[in-house]
Amino acid sequence: MLELYFWEKLGAREIADILGVPEGTIRTRLRRAKQLLEAAMTALEDGAAELRDSLGDLDAWAAAVRGQIG
């Protein structure tokens with residue numbers, strides 16, 4: 001689901017259609033998945049400044065990473 005959201009730039013409605021679940025469920029799962037991703041990044045991150053930049057706008061961070069890998 002996160003891959004569809006961040007890398008494929010699909011919205012909640014499109015993901016809901018693909019997975020066959022209600023859009024509200026996708027929105028809830030996306031919010032929770034982002035929280036878990038932030039927690040995992042916090043546990044792994046050494047530099048506080050990099051962490052703040054990354055977590056400040058997770059969508060922009062993912063777009064930047066996507067742009068770097070092609």
Side-chain angles (χ1 to χ4, degrees):
M1 184 179 62
L2 283 177
E3 182 176 346
L4 292 173
Y5 179 77
F6 284 122
W7 304 118
E8 302 300 329
K9 296 186 177 191
L10 297 181
R13 169 150 325 269
E14 295 165 308
I15 297 171
D17 289 343
I18 291 168
L19 297 180
V21 297
E23 183 178 353
T25 300
I26 294 300
R27 292 186 185 283
T28 299
R29 289 179 182 175
L30 280 170
R31 184 173 43 255
R32 182 64 180 139
K34 286 180 182 181
Q35 291 170 343
L36 291 170
L37 180 57
E38 289 178 11
M41 289 174 68
T42 300
L44 296 173
E45 186 60 55
D46 291 333
E50 283 185 32
L51 177 62
R52 278 193 306 277
D53 290 344
S54 297
L55 296 180
D57 188 352
L58 195 54
D59 292 326
W61 172 82
V65 170
R66 182 176 182 225
Q68 290 175 359
I69 60 173

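Residue pairs that meet the salt bridge (charged side-chain N to carboxylate O under 4.0 Å, His left out) test with at least one member in residues 16-33, sequence neighbours left out, are R13-E23, E23-R27.
Few gaps surround CD on Q35; more than 12 heavy atoms of other groups in view lie less than 6.0 Å from it.
A33 pairs by the side chain to side chain contact (heavy atoms under 4.5 Å, CB included) definition with M1, L2, not counting sequence neighbours. Considering only residues two or more places apart in sequence or on other chains, E14 meets the salt bridge (charged side-chain N to carboxylate O under 4.0 Å, His left out) condition with none of them. Every side chain to side chain contact (heavy atoms under 4.5 Å, CB included) that E8 has, sequence neighbours left out, goes to L4, L10.
Both W7 and I26 are assigned to one and the same hydrophobic cluster, defined by single-linkage of ILVMFWY side chains at heavy-atom distances under 4.5 Å. When hydrophobic clusters are built by joining Ile, Leu, Val, Met, Phe, Trp and Tyr residues whose side-chain heavy atoms come closer than 4.5 Å, directly or via intermediates, L36 is not grouped with L30. In the hydrophobic cluster analysis, where Ile, Leu, Val, Met, Phe, Trp and Tyr join through side-chain heavy atoms closer than 4.5 angstrom, L19 is grouped together with F6.
Nearest heavy-atom pair, Y5 versus K34, reported as atom, atom and distance to 0.1 Å: OH-NZ, 3.3 Å.
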